[in-house]
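The block underneath contains the structure these notes are about, expressed in structure tokens.
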Protein chains: 2
Amino acid sequence: MSETRNRIISATNELFRVHGYHGTSLSEISKAAAATIGSIYHFFPGGKESLTVAVIKSTGAIYRELFEMIAAEAADPTAAFVDFFEGAAAVLTESDFLDPCPIGTIAREVASTNDVIRLAAREAFESWIDAAAHQLTSAGVRSEVAHDLAILFVATLEGSFIISRTQRSVEPMLAAGRRMAPLIDAAVEDGLRSRSD
Amino acid sequence: MSETRNRIISATNELFRVHGYHGTSLSEISKAAAATIGSIYHFFPGGKESLTVAVIKSTGAIYRELFEMIAAEAADPTAAFVDFFEGAAAVLTESDFLDPCPIGTIAREVASTNDVIRLAAREAFESWIDAAAHQLTSAGVRSEVAHDLAILFVATLEGSFIISRTQRSVEPMLAAGRRMAPLIDAAVEDGLRSRSD
DNA sequence: GTCTATAATTTGATAGAC
DNA sequence: GTCTATCAAATTATAGAC
């Protein structure tokens, strides 16, 4: 992997978190990555679109791994979800309320106009949903229920970024996580009960 | 209220739903609204920023009223929330998965760079949270719990728009609503029980 | 792989006639 | 209130030297 290529992806990721897709220009990326426009087109011949796909894949993989790490260390299945919300709240605070996830913003900006980027975002979200659902099925939750709850988890996480960022407060993020917890608990208990029938 | 002014707000609203804030230009707005750039600056001397604030206020009020209408007609408190998710799913289908809410996208695009727009978005979201919380407290839910659940409702709604639009499917939206329902039910039952103590 | 130069278009915004 | 003309700056993208 090229050093410059990584620098371009990383700088673009940061800029997307602040300004979104249409608000970020190639010249800003060039400056932030300390790479010329020519270099950007060398590594991403498809221009801004293919660079964006690379950013989405990178962030998608990183967050999936983060969830799995947190889940592995969590005391119980529900804790994994609550811990992830708390981690997200910490990221918000430390970054002075930058968007923790560039994918959500980009997805909304181009979902109706760019299928290549839309499908990259879809794949990232689905990998998170799969990871969260797997965490639940492992704890005995029926796969249909687990999948629905995993969707609810990712959707709530993304939506909480919006509310917390507009308020510049982590309270909405924490409230959402806190109130979702009993739902996960109930599903796990229900799964265990039906298993012991 | 001026006819032209309304046309500009309405056209901008539609364009924001497709392309977001930075992806929508004044020339596109001018064309879609059948009004010249000069007219736009006549009604919105603050330019794109103040036009955006007007769009957010307009959409914010419309959705708040919609929620209250649905809540008034709902069979029980929980039904209001589920009905709203189903209504949002219907909007997605009918519009071929245009963003039902321009505010969420814009908020994420400019939350870190434009305080005027950020605060307008915050006010819109808070009016929805208040409306949802009021629906719950009226049903006997303690106000702290009601507020948290109202946040969860709005966050989940916004997040579901992202997942459903990237998948071009209303299933995520419906799954989120469906799985959130028991949570509302439990809070209402809990509120009634503590009241009869 | 990196760089500069540049093409062609579009951006938000303003001025001033009508 | 509406219109045209126009500004300076920025946009994505390409060409071609090194």
Side-chain angles (χ1 to χ4, degrees), chain A residues 1-56 102 105-106 109-118 120, chain B residues 1-56 102 105-106 109-118 120:
Chain A
M1 287 287 165
S2 154
E3 180 60 41
T4 307
R5 198 187 120 103
N6 287 340
R7 233 168 42 238
I8 293 168
I9 290 181
S10 168
T12 307
N13 188 61
E14 295 305 303
L15 286 166
F16 280 173
R17 288 176 60 192
V18 187
H19 303 109
Y21 177 80
H22 287 119
T24 301
S25 69
L26 290 182
S27 71
E28 285 171 318
I29 292 169
S30 160
K31 196 173 139 195
T36 61
I37 300 259
S39 273
I40 296 176
Y41 275 91
H42 170 73
F43 289 106
F44 305 97
K48 198 179 183 181
E49 179 184 278
S50 64
L51 168 55
T52 302
V53 169
V55 168
I56 290 174
T105 314
I106 297 170
E109 286 183 82
V110 305
S112 300
T113 55
N114 188 317
D115 263 1
V116 175
I117 296 177
R118 193 197 107 231
Chain B
M1 290 286 167
S2 153
E3 180 59 40
T4 307
R5 199 187 120 102
N6 288 339
R7 232 168 43 239
I8 293 168
I9 289 181
S10 167
T12 306
N13 188 61
E14 295 304 303
L15 286 166
F16 280 173
R17 289 176 59 193
V18 187
H19 302 108
Y21 178 78
H22 288 119
T24 301
S25 69
L26 291 180
S27 71
E28 284 171 319
I29 293 169
S30 161
K31 196 172 138 194
T36 61
I37 300 259
S39 272
I40 296 176
Y41 275 90
H42 170 73
F43 289 108
F44 305 96
K48 199 180 181 180
E49 178 184 278
S50 64
L51 168 55
T52 301
V53 169
V55 168
I56 290 174
T105 312
I106 297 170
E109 286 183 82
V110 305
S112 300
T113 55
N114 188 316
D115 263 2
V116 175
I117 296 177
R118 192 197 109 231

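Everything quoted here is computed from the prediction, not taken from an experiment. Proteins come first, then strands; the chains are lettered A, B, ... in the order of their sequence lines, and each starts at number 1. Because only heavy atoms are used, hydrogens play no part in the values below, and waters and symmetry mates are left out as well, while side chains stay in.
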Check each of T12(A), T105(A), I106(A) against Y21(A) using the side chain to side chain contact (heavy atoms under 4.5 Å, CB included) test, and report the only one that passes.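 When side chain to side chain contact (heavy atoms under 4.5 Å, CB included) is applied between Y21(A) and each of T12(A), T105(A), I106(A), only I106(A) qualifies.
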
Return a single string for nucleotides 11-18 of chain D, one symbol per nucleotide in 5' to 3' order, where B is base contact, S is sugar-phosphate-only contact and - is none, cutoff 4.0 angstrom on heavy atoms. SSBB----

E109(B) (side chain) donor-acceptor with H22(B) (main chain) under 3.5 angstrom: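 Here the side-chain-to-backbone pair exists.
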
Hey, is the main chain of G46(A) close enough, under 3.5 Å, to the side chain of E49(A) for a donor-acceptor pair?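 Flag not set: sc E49(A) to bb G46(A) has no pair under 3.5 Å.
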
Between T4(B) and dG1(D), is there a contact of a side-chain N or O with OP1 or OP2 at under 4.0 Å?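 Negative; the distance criterion is not met.
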
Please determine if a side-chain N or O atom of S39(A) lies less than 4.0 Å away from the OP1 or OP2 oxygen of dT2(C).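 True: S39(A) side-chain N/O within range (under 4.0 Å) of dT2(C) OP1/OP2.
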
Can you find a heavy atom in the side chain of [X] that is under 4.5 Å from one in the side chain of [Y]?
X: R5(B); Y: I8(B); value: no
X: L26(A); Y: Y41(A); value: yes
X: I40(B); Y: K48(B); value: no

I need the [atom1]-[atom2] distance between [X] and [N], as an integer number of Å.
X: F44(B); N: dT2(D); atom1: CZ; atom2: C1'; value: 15 Å
X: R5(A); N: dT2(C); atom1: CZ; atom2: C1'; value: 17 Å
X: K31(B); N: dT11(C); atom1: NZ; atom2: C1'; value: 16 Å
X: H42(B); N: dA13(C); atom1: NE2; atom2: P; value: 17 Å
X: H19(A); N: dA10(D); atom1: NE2; atom2: P; value: 14 Å
X: I40(B); N: dG1(D); atom1: CD1; atom2: P; value: 15 Å

Report, one pair per line, the protein and nucleotides 6-9 of chain D atoms (nitrogen or oxygen only) whose separation is under 3.5 Å.
none

Specify the closest pair of heavy atoms between R17(A) and P102(A), including all atoms of both residues, with the distance to one decimal.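 Closest pair (atom of R17(A), atom of P102(A), distance): CG-CD, 3.9 Å.
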
Can you see which heavy atom on R7(B) is nearest to which on A33(B), and at what distance?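 The answer is NE-O, 2.8 Å.
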
How many angstroms lie between OG1 in T24(A) and CD in E14(A), if you round to the nearest 0.5 Å?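 With rounding to 0.5 Å, OG1 (T24(A)) is 11.0 Å from CD (E14(A)).
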
